[in-house]
Number of protein chains: 2
Amino acid sequence: MQTIEELLREKKIKVTPQRMAVYAVLQRTKDHPNVEMIYRELKPNYPAISLATVYKTVDILKKVGLIQELSFGEGGLRYDSVTLPHAHIFCRNCGKVVDIESISPERLRELLLMESVAEETGFHISSMQLYFYGLCLYCNNKQSES
Amino acid sequence: MQTIEELLREKKIKVTPQRMAVYAVLQRTKDHPNVEMIYRELKPNYPAISLATVYKTVDILKKVGLIQELSFGEGGLRYDSVTLPHAHIFCRNCGKVVDIESISPERLRELLLMESVAEETGFHISSMQLYFYGLCLYCNNKQSES
DNA sequence: ATTTCTGCAAATGCTTTGCATTGCA
DNA sequence: TGCAATGCAAAGCATTTGCAGAAAT
């Protein structure tokens, strides 16, 4: 198990406390936070950190492939330190995002590597996302009450 | 084949020239345009139309289920009048969006109805999106040249 | 006649940018 | 020491909102 410092160094980007902190947040949470959430999480321990830095940091972590970006269309992007292919489900009411484990990485990789898709479209495919949308248990119960 | 007017009336929303025009653009194109593109497309024939109206219109068309919204994370959303489940591929360079036909609606519906996903997450699932990302033929050639 | 929609302009809010300062290598 | 990253404030954009007039039912 590599340390965060080693991971950043391996990607040849400068190691700063802010970058380690942002990545650490993403590693320890399963919440798929957006920039604002990461910022709020860090603020107590890094009172001087700025939103701009968090924006720049997720951008560079994404570019070097340490994290992936999710886009559910709510306005704002979500970040995930798990870069293996896996599906996500998004609650249309509260915005909660949950990983889906019952669709295996292998099954997703099959979809990703489908030659017919590349042939049909002429695209050179580099990644994919499978998103489900609905209501989480809590929001669903709340709605049926009213 | 129903006219656009009939479709809107059926959804119990007021039939206005602007709404018919926006929906007509989405029906006739396969470009998956964003709001700006729809606006530019309409401007010549509807010089008085405003961006705000296009925003409000796609919003209501989406809510009544006549169109679907796609979110590739580029900033801005894309719209599609084909609401049957189908996968899309997005060019990271030029933003082109192409429908994928080789993954059938049936196969996607299978994924959508997977009970394990609902069970695992406790969500009430209402829809899904399968997105591929890569480079289109043109952008891919351009990149290898340089 | 009533309700809803449109178009304008202003406001909002997220994200990016420029730049002086700080900090890593 | 040199180059890159940070933090701040300002700028930039896309989207939303409020509202008066217009249009649909």
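All values below were derived from every heavy atom in this structure, side-chain atoms included, with hydrogens, water molecules and symmetry-related copies excluded. Letters go in sequence order (proteins before strands), and every chain restarts at 1.
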Looking at the side chain of Ile49(A), which of dT16(D), dT15(C), dG7(D) is the nearest nucleotide?
dG7(D)

Candidates dG7(D), dT6(C), dT15(C) - which lies nearest the side chain of Thr53(B):
dT6(C)

Pairs meeting criterion salt bridge (charged side-chain N to carboxylate O under 4.0 Å, His left out) with involvement of residues 115-125 of chain B, two or more places apart
none

Does a side-chain N-to-carboxylate-O contact under 4.0 Å join Lys56(B) and Asp59(B)?
no

With sugar-phosphate meaning primed atoms plus P, OP1 and OP2, does Gly76(A) contact a base, only sugar-phosphate, or nothing at under 4.0 Å between heavy atoms?
sugar-phosphate

If you look at every strand shown and take non-hydrogen atoms under 4.0 Å, does Ala48(A) touch a base, only sugar-phosphate, or nothing?
sugar-phosphate

Is there a donor-acceptor pair under 3.5 Å between the side chain of Gln18(A) and the backbone N or O of Val54(A)?
no

If we ignore hydrogens and angles and just use 3.5 Å, is the side chain of Ser126(A) paired with the main-chain N or O of Tyr133(B) as donor and acceptor?
yes

How close or far is atom [atom2] of [N] from atom [atom1] of [X], stated in whole angstroms?
| X | N | atom1 | atom2 | result |
| --- | --- | --- | --- | --- |
| Tyr39(A) | dG7(D) | OH | P | 9 Å |
| Asn34(B) | dA14(D) | CG | C1' | 10 Å |
| Lys12(A) | dA5(D) | NZ | P | 15 Å |
| Met20(A) | dA5(D) | CE | P | 14 Å |
| Asp59(A) | dA4(D) | CG | P | 17 Å |
| Tyr79(A) | dT15(C) | OH | P | 7 Å |
| Tyr55(A) | dT17(C) | OH | P | 13 Å |
| Ile38(B) | dT15(D) | CD1 | C1' | 14 Å |

Residue pair Val117(B) / Ile125(B): nearest heavy atoms and the distance that separates them:
CG1-CD1, 3.5 Å

Which heavy atom in Phe132(A) sits nearest to a heavy atom in Leu111(B), and how many Å separate them?
CE2-O, 3.6 Å

Of Ile60(A) and Lys43(A), the one whose closest DNA chain D nucleotide lies more 5'
Ile60(A)

Regarding His86(B) and Asp99(B), is there a side-chain donor-to-acceptor distance under 3.5 Å anywhere?
yes

With each end axis built from five pairs of C1' atoms, what bend angle do you get for the helix from dA1(C)-dT25(D) to dA25(C)-dT1(D)? Round to 10°.
40°

Taking protein heavy atoms under 4.0 Å as touching, what does nucleotides 19-25 of chain C look like 5' to 3' if B marks base contact, S marks sugar-phosphate-only contact and - marks none?
----BBS

Is there side-chain contact between Ile100(B) and Ser102(B), with heavy atoms separated by less than 4.5 Å?
yes

Tell me whether the OP1 or OP2 atom of dA23(D) has a side-chain N or O from Gln18(B) closer than 4.0 Å.
no

Which label fits Phe72(A) and His88(A): parallel for a plane angle under 30°, tilted from 30 to 60°, or perpendicular past 60°?
perpendicular

